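All values reported here derive from a predicted model rather than from experimental measurement. One-based numbering, in listed order, for ligands and for the atoms of each.
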Amino acid sequence: MNNSFYVTTPIYYVNDKPHIGHAYTTILADVLARYHRLLDEPTWFLTGTDEHGQKVQEAADRNGITPQEQCDRTVGNFQELWKRLGITHDDFIRTTEERHKTIVRAVLQDLWNKGEIYAADYEGWYCVPCERFYTEKDLVDGACPECRRPVKKLVEKSYFFRMGKYQSWLIGHIEQNPDFIRPAHRRQETLGFLRQPLNDLCISRPKARLAWGIELPFDPDYVCYVWFDALLNYVSAIGYGSDDARFRKWWSGSCHLIGKDILTTHTVYWPTMLKAMGVEPPRTVFAHGWWLSGREKMSKSLGNVVNPMDTIGRYGVDAFRYFLLAEMTLGGDASFTEAAFINRYNSDLANDLGNLASRVIKMVCRFLDGRLGAPVTPGPEEHGLVAVTQQAVTAMKEHLEGMQLERGIADVLAAVREANRYFDKQAPWILAKHEDKTELRRALSACAECLRVVSGLLHPVMPGKMDELRAALGLAAAPAGPHLAGLGVWGGLAADAVMQDIPPLFPRIEVPKPETVAVDSAAAAPAKPEKKAKAAPAPMELIEIADFAKVSLRTAKILAAEPVPEADRLLKLQIDLGAEKRQVVAGIAKSYTPEQLVGKTVVVVANLKPAVLRGVESQGMLLAAKSGKELRLITVDGEIPPGSSVG
Ligand code: MSP
């Protein structure tokens, strides 16, 4: 293993709330950092936020605040979530901090001085409403791929980084360093990308179009492209350009964890930027897959984004951490569903680990007064259990190196299952009836020893629950968790350890059938008067079918969308109703950006009397589902012409 371990997450955009993808990378980094610390390696864990660029500027505009206010407001959501998730980062960098901006300016100046950055005309297709440049091949039927409106050819002075000249060096570096891009299929992906000629990288944006960024030190009319700025966080945070010894200590052990969508920026832009700066590429860039909602990509417009706070609130932090790590094969995509979560929780945590812990501790407390006494040397009966448990220790270390944490976890669970089998076979409840308690101590000692090892191996994954388990086993608490070296040695429970019974670590999640919920809760309500009964929903007023038939619901395609001035909730939409085009004002600006709406087929109340909202006429109403402040439009499953009737 390496001397030092420096693990980073991507720095997250502050235009939105954190979601499961952000939580996953950060938990993964946390678990790796915790393991490396327990292996006694000097470890540094960095996370943070990416605060410049168009996305943040747009979010600020939508919310009617300054970009800095947008950053200050949103950064807290990330920091709060990391606290809830027990993340043990050593540093949190914000790209609007002076310590970062100083380094970005210095790097830009240095590359400019060395001729690595040059000015030239940039020619591209520009979409004015989207404020974005596209290349010829991005266009769809000659129009903007996002909003389908006409684009115009624009030539503008820009600054370029000479990325292209590093192409053959980069290919050589990737080929000679199999650990640089992991897993292997991602290395192939980058090498595939590098089979095309590598262009130079435009690293400037004119302030006239986007002012929210770090000003170029050699041209005050331009700001730095957000990715060029953001990638430098990995070095600005550890002393690059300010504390060389510190920088070198951490950089040699660098491991960037990223999602697969940001592979090119991290394995092409970043190493070539570093090369131009005279710095070695990072040791490893590891790209994980995507969390899908069932089989679908998570997206705000589909309304299927998993909010980590909700899941934690229902099932607890440790179960959430466990599920994410055990469920995803590192490198591939994985599916998040409530059913899969409950399934894994009940089988691994409630039935296997929780059950073992509960019955072993209960028996030691009941029949041996909580004391196992001096360690019992395992005999032939125990050999299988000892072997599987020790194998889990070796496997976890190997899988940590191989970045296959889910396999390490599976080996630990295999030891737990073996211990449950051993327990059943030994039947300690029968051994407890013997006058001589030697056999009982032997059986329970072996199970308790397995639990000691397991609680150590899973500590980085579920620190809170494993601390509880270790305390119940009578193990002394260690501030960072149990040292991994001590786990391989059988017989680590102290002779004078006293066990204490605890409530179930992972109570089973019962999934009642919907009918039972209603019946049960109705029956249970009077029996628990101390609990405030939920107000019964108001009786629903029933209508005749003829009443419903008065409403003309039609499908409509959204052609264009724009904000209504000085009305931060309203968007003005142009819609196609088949036979006619109409204008509708909808209060959905907090849930959708105009770009997300164009092209969607929605459901509209077509026979509503026109109304004027904030001076703008609205000729109909869009249907949307509402939960709290969140609105999701009712859309149509598949292709159907605009103006089709709905009912
Ligand atoms: N700001 C850039 C990163 C700059 S790093 C120098 C960025 N930010 S992001 O907030 O949009 O995304 C951060 C990470 O979240 C990316 O690694 C991305 O892959 C990850 N995820 C976003 N959605 C995801 C899932 N549904 N599943 C797993 N990770 C996904 O990109």
Side-chain angles (χ1 to χ4, degrees), residues 7-29 46-59 70-71 74-75 77-78 81-82 91-96 100 103-104 107 186 189 201 203 212-214 224-238 240 254-271 273-274 281-282 285-308 311 320 323-325 327-337:
V7 65
T8 66
T9 71
I11 48 170
Y12 305 111
Y13 287 127
V14 283
N15 54 333
D16 214 347
K17 281 192 295 215
H19 59 67
I20 188 173
H22 303 136
Y24 175 68
T25 324
T26 314
I27 292 171
L28 176 61
L46 173 73
T47 187
T49 40
D50 190 352
E51 305 199 346
H52 291 121
Q54 185 134 345
K55 287 183 192 231
V56 177
Q57 170 90 60
E58 279 168 1
Q70 168 72 30
C71 299
T74 326
V75 70
N77 295 337
F78 287 89
L81 179 62
W82 302 159
D91 193 4
F92 186 103
I93 190 159
R94 301 181 57 183
T95 54
T96 49
H100 173 71
I103 299 301
V104 174
V107 169
R186 298 284 169 223
E189 200 176 313
L201 181 69
I203 55 116
W212 184 236
I214 301 177
C224 177
Y225 168 45
V226 66
W227 270 102
F228 197 91
D229 153 7
L231 287 161
L232 284 165
N233 92 88
Y234 299 133
V235 296
S236 68
I238 52 164
Y240 176 77
S254 48
C255 172
H256 297 320
L257 302 179
I258 59 164
K260 63 181 183 180
D261 54 318
I262 52 177
L263 185 71
T264 309
T265 47
H266 281 80
T267 58
V268 178
Y269 296 8
W270 184 221
M273 284 166 64
L274 288 162
V285 176
F286 188 95
H288 63 71
W290 280 71
W291 277 99
L292 308 175
S293 196
R295 289 185 186 171
E296 279 178 335
K297 195 173 160 180
M298 282 186 203
S299 85
K300 255 180 105 181
S301 49
L302 289 174
N304 61 1
V305 177
V306 177
N307 179 349
T311 318
F320 181 67
F323 176 79
L324 293 189
L325 289 179
E327 191 76 8
M328 184 178 258
T329 302
L330 260 175
D333 288 344
S335 158
F336 189 100
T337 63

Notebook entry, point to check: With sequence neighbours excluded, what pairs up with K260 under the salt bridge (Lys or Arg N to Asp or Glu O under 4.0 Å) test?
Noted result: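 By the salt bridge (Lys or Arg N to Asp or Glu O under 4.0 Å) rule, K260 matches D333.
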
Item checked: T49 and F92, any side-chain heavy atoms less than 4.5 Å apart ->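 Answer yes - side chains close enough.
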
Notebook entry, point to check: To which of L232, D261, N15 does the heavy atom nearest atom 19 (O) of ligand 1 belong?
Noted result: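 It is D261 that holds the nearest heavy atom.
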
Checklist line | I11, T9, I262, L257: member with heavy atom nearest to atom 2 (C) of ligand 1 | finding: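 Of the listed residues, I11 has the closest heavy atom.
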
Using distance alone, decide if ligand 1 has a nitrogen or oxygen within less than 3.5 Å of any nitrogen or oxygen in [X].
X    : result
Y12  : no
W291 : yes
Y13  : yes
H266 : no

Notebook entry, point to check: Which pairs count as salt bridge (charged side-chain N to carboxylate O under 4.0 Å, His left out) when at least one residue sits in residues 11-27, sequence neighbours excluded?
Noted result: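 Listed once each, the pairs are D16-K300.
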
Item checked: Atom indices of ligand 1, in the order listed, that fall short of 4.0 Å to a heavy atom of H288 ->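 In order of numbering, the contacting atoms are 28 (C), 29 (N).
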
Check: What are the atoms of ligand 1, with element, lying closer than 4.0 Å to any heavy atom of D50?
Finding: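 Those atoms are 1 (N), 2 (C), 4 (C).
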
Next item on the list: Look at the rings of Y234 and H266 and say which category their plane angle falls in: under 30° parallel, 30 to 60° tilted, over 60° perpendicular.
Entry: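 Plane angle between 30° and 60°, so tilted.
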
Check: Any salt bridge between R186 and E189, counting N to O under 4.0 Å?
Finding: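 A salt bridge links R186 with E189.
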
Margin query: Under 4.0 Å from atom 6 (C) of ligand 1, can you find at least one protein heavy atom?
Written below: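 Neighbour list for atom 6 (C) of ligand 1 includes protein heavy atoms (cut-off 4.0 Å).
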
Notebook entry, point to check: Heavy atom under 4.0 Å from ligand 1: found in Y24's side chain, backbone, both, or neither?
Noted result: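 The answer is neither; Y24 stays 4.0 Å or more away.
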
